[in-house]
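To keep things clear, I will list the structure first and then write my remarks on it.
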Amino acid sequence: MENKAIAKAFKLCSQLMELFNENPFRTKAMASASFKIDKLPFPAVDASLEELSEQPGIGKSTADKVLSLIHNGSFPELDKLIAKTPTGIMEMLSIKGLGPKKIQIIWHDLGIETVGELLYACNENRLVEAKGFGLKTQEEIRKAIEFANAAQGLFLYAKAEKVAMPFMQRLATTFPDAMHTFTGEFRRKCEIISSVDILTSAPIAEVAQMLANDDSYTLLEQFDASIQFTDVYAGKYQLLFTSAKEFAIDLLISTGSDAHLQQLKALQDPLPNGQTETEIYQALGLKYIAPELREGLREVQWAKEDKLPELINFADLKGTLHNHSTYSDGVHSLAQMASYCKDQLGLEYLGICDHSKTAVYANGLSIERLAEQWKEIDLLNEQLAPFKIFKGIESDILADGSLDYPDEILQQFDFVVASVHSNLRMDEEKATQRLIKAIENPYTTMLGHPTGRLLLSRAGYPLDFKKVIDACAAHAVVIEINANPLRLDLDWRWQQYALEKGVILSVNPDAHRTEGLLDMHYGIYAARKGGLSAPHCLNALTKDEIETYFSNRRKNNTK
DNA sequence: GCCGTTTTCGGCCCGACTGTTTTCAGTCG
């Protein structure tokens, strides 16, 4: 069991305790244990009871519960709480804007026990009657439920990948003579997946038998040439069966989006067959189009004119910018983050961007603590040379669009990532103006996660993307592709516009621990979907090049 | 429930923002 899952269980426990009005200090202790476990720099499964209870915020009682979670999947107190909570009430806890206190009122005063009933009550204007609720709250809750409903049955790419890879492995081992490959949304590296699609030339009857013999799979539907099933994680799969002869054309047809296929069919219908996808594209008079691009934007036109971008690869990245350390809310120290980059990833540099002072919840850096961090960076840079740590900051964009430190501090950073973390519910005009003001700040090097969205969990604030991107172009501000699989923000659908305007993009992991740096893989997928090539990616610059880039930017500031 | 003593129990307690109030409670990052 991973620390994240353990932390989640404690969070749930604390929410349920609050829901049932248990001792607020015990409730709080539970919430703080959740927070602490999430931030442990080692896996809890490897720790002993003593080691766990030595951690600040974790006592003997909590350590016992952690061990129980690891060995039994739960602990008695949590089980009891869950047993007396209707499932609908549990579901409400995961809806943004609803906490234990509001749910208490919904449950006890309004007698509502399911999310469906709650949505109905919003539509009937019945929530406004409840104490502490008004029109705006009702509307926010209605929107949040609709967002959650739309997310039903969908998975983050990263989550789908976790179950898809072992299944593919198994298929390949069981049917070594057949061809198998991912296709559909998964092969296109879509940020959100409705089903993991696999094309195979294995015999359908035998594959069906393999699935039927394994309890961990549940058959949904079987047709002549396809099987749909789910696994224990509720991940949905679609197996498409074909012959070796038709493999290439079926791969091409099952990979592309509807819009992409329509554009191909406009060239020739029905599509020609071939030995490989490259051959088929050639027969259509096109260059080979990478699966990530097959979304029906402009790739077919590009392929016709031989203007397809040379898509960026993970290996093109020379460094990483926008990362956290224990100076704010990261799990690993500066030194740990740096040596991971240097030794494990073979990178030339690390940009450290801990949170700025306004982000109190994330232990944001006061000016005094900044000085401390800079001293340590200087020391590490001596020890690790030629590897370099760049002094950055993730500066909060305040409500009015200004940055978080006075100019004399801002000018001392190598680079500044400006991001919004609070006040997320602005309308489009205000939110756009706020970002533009931050972009116009001469010390802003880069705009962090532009919309603040959390995929399948929270919509971003609305933005006039054209205006924001145009402002970045005008002020030579880089836009981040936040590589966290929950964000992938800037969205790939807007990257082409940014690239046309000459905006440089940066694939940033926003890592809060060493393993988080690997999220850059997801960022690369999103960047490839957007058509990014290495020359337009900031962290594909070598250390020397980016040093020059930063110093030129700073010279321009002082003019 | 955790911590730090006052060694056996009492004190703990993000803060900004928002929407609801008419002085504050709930939620979030």
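Given the structure is predicted, the values throughout are model-derived calculations rather than measurements. Here is how names work: the chains are called A, B, and so on, in the same order as the sequence lines, proteins then strands, and each is numbered from 1.
- Under the salt bridge (charged side-chain N to carboxylate O under 4.0 Å, His left out) rule, A:Asp414 has a single partner from A:Lys391, A:Arg554, A:Arg553, A:Lys388, which is A:Arg554.
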Protein-to-nucleotide contact annotation, 5' to 3' order, nucleotides 19-24 of chain B [B base; S sugar-phosphate only; - none; under 4.0 Å, heavy atom]:
SS----

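- Among residue pairs with one or both ends in residues 113-144 of chain A, none qualify as ring pair (Phe, Tyr, Trp, His ring centres under 6.0 Å); sequence neighbours excluded.
- For the contact set between residues 100-108 of chain A and DNA chain B, defined by any heavy atom under 4.0 Å, the members are A:Pro100, A:Lys101, A:Lys102.
- The list of side-chain hydrogen bond (donor to acceptor under 3.5 Å, both in side chains) pairs with a residue in residues 520-529 of chain A, not counting sequence neighbours, reads A:Glu161-A:Tyr522, A:Glu292-A:Arg528, A:Glu295-A:Lys529, A:Asn313-A:Arg528.
- Nucleotides B:dC28 and B:dT20 are separated by 15 Å at their P atoms, to the nearest Å.
- Within the 4.0 angstrom heavy-atom criterion, no nucleotide atom of any strand lies near A:Lys36.
- One atom, CG of A:Leu52, and another, P of B:dG1, lie 17 Å apart when rounded to the nearest Å.
- At the heavy-atom level, A:Pro24 lies nowhere under 4.0 Å from the strands shown.
- One interatomic measurement links the two molecules: CD of A:Glu18 to C1' of B:dG1, which rounds to 15 Å at whole-angstrom precision.
- B:dC3 sits 16 Å from B:dC14 when the P atoms are compared, rounded to a whole Å.
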Name each donor-acceptor pair under 3.5 Å that joins a side chain in residues 145-153 of chain A to protein atoms two or more places apart or in another chain, with its distance.
unit_1   : atom_1 : unit_2   : atom_2 : d
A:Glu146 : OE1    : A:Arg142 : NH1    : 3.0
A:Glu146 : OE2    : A:Arg142 : NH1    : 3.1

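- Applying the ring pair (Phe, Tyr, Trp, His ring centres under 6.0 Å) test to every pair with at least one member in residues 32-78 of chain A, sequence neighbours left out, gives these pairs: A:Phe10-A:Phe75.
- With a cut-off of 3.5 Å on both pairing distances, B:dT8 has no Watson-Crick or G-U wobble partner at all.
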Can you check nucleotides 7-16 of chain B for protein contacts, nitrogen or oxygen pairs under 3.5 Å, and list what you find?
unit_1 : atom_1 : unit_2  : atom_2 : d
B:dC14 : OP1    : A:Lys28 : NZ     : 3.3

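- A:Glu368 has no carboxylate O lying under 4.0 Å from a charged side-chain N of A:Lys357, or vice versa, which leaves the two without a salt bridge.
- Ion pair A:Asp400/A:Arg434 not flagged as a salt bridge, since none of the NZ, NE, NH1 or NH2 atoms sits closer than 4.0 Å to an Asp/Glu carboxylate oxygen.
- Using atom C1' as the reference point in both B:dC9 and B:dG15, the two lie 30 Å apart (nearest Å).
- Comparing B:dA16 with B:dG10, their C1' atoms sit 30 Å apart, to the nearest whole Å.
- Here the two rings, on A:Trp374 and A:Tyr327, have centers that are 6.0 Å apart or farther.
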Only pairs under 3.5 Å count here: list side-chain donor-acceptor contacts from residues 124-132 of chain A, not counting sequence neighbours, and write none if there are none.
unit_1   : atom_1 : unit_2   : atom_2 : d
A:Glu124 : OE1    : A:Arg126 : NE     : 3.2
A:Asn125 : OD1    : A:Gln138 : NE2    : 2.8

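- A:His324 meets the ring-ring contact (aromatic ring centres under 6.0 Å, His included) test with A:His322, A:His355, A:His512; sequence neighbours excluded.
- Using C1' as the reference atom, B:dT5 and B:dG11 are 11 Å apart when rounded to the nearest Å.
- Between B:dT27 and B:dT21, the two P atoms lie 15 Å apart (nearest whole Å).
- Within the 4.0 angstrom heavy-atom criterion, no nucleotide atom of any strand lies near A:Glu139.
- Classification of A:Arg453 and A:Asp491 as a salt-bridged pair holds, one side-chain N sitting under 4.0 Å from a carboxylate O.
- Contacts of A:His449 classified as ring-ring contact (aromatic ring centres under 6.0 Å, His included), with partners at least two apart in sequence or in another chain: A:His421.
- In this structure, A:Ser32 and A:Gly57 approach most closely via the heavy-atom pair OG-O, 4.4 Å.
- Sequence order on DNA chain B of the closest nucleotides to A:Ser61 and A:Ala399 puts A:Ser61 first from the 5' end.
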Anything under 3.5 Å between a donor and an acceptor, one on a side chain of residues 92-102 of chain A, the other on a protein residue two or more places apart or in another chain? List them.
unit_1  : atom_1 : unit_2  : atom_2 : d
A:Ser94 : OG     : A:Glu91 : O      : 2.7

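- Note on A:Ser422: nothing from the nucleic acid sits closer than 4.0 angstrom, heavy atoms only.
- Contact check of residues 78-98 of chain A against DNA chain B (heavy atom, cut-off under 4.0 Å) returns A:Lys96, A:Gly97, A:Leu98.
- At a threshold of 4.0 Å, the pair A:Arg26-A:Glu22 counts as salt-bridged, since one of the basic side-chain nitrogens sits closer than that to a carboxylate oxygen.
- Rounded to whole Å, the P atom of B:dC2 lies 16 Å from the corresponding atom of B:dC13.
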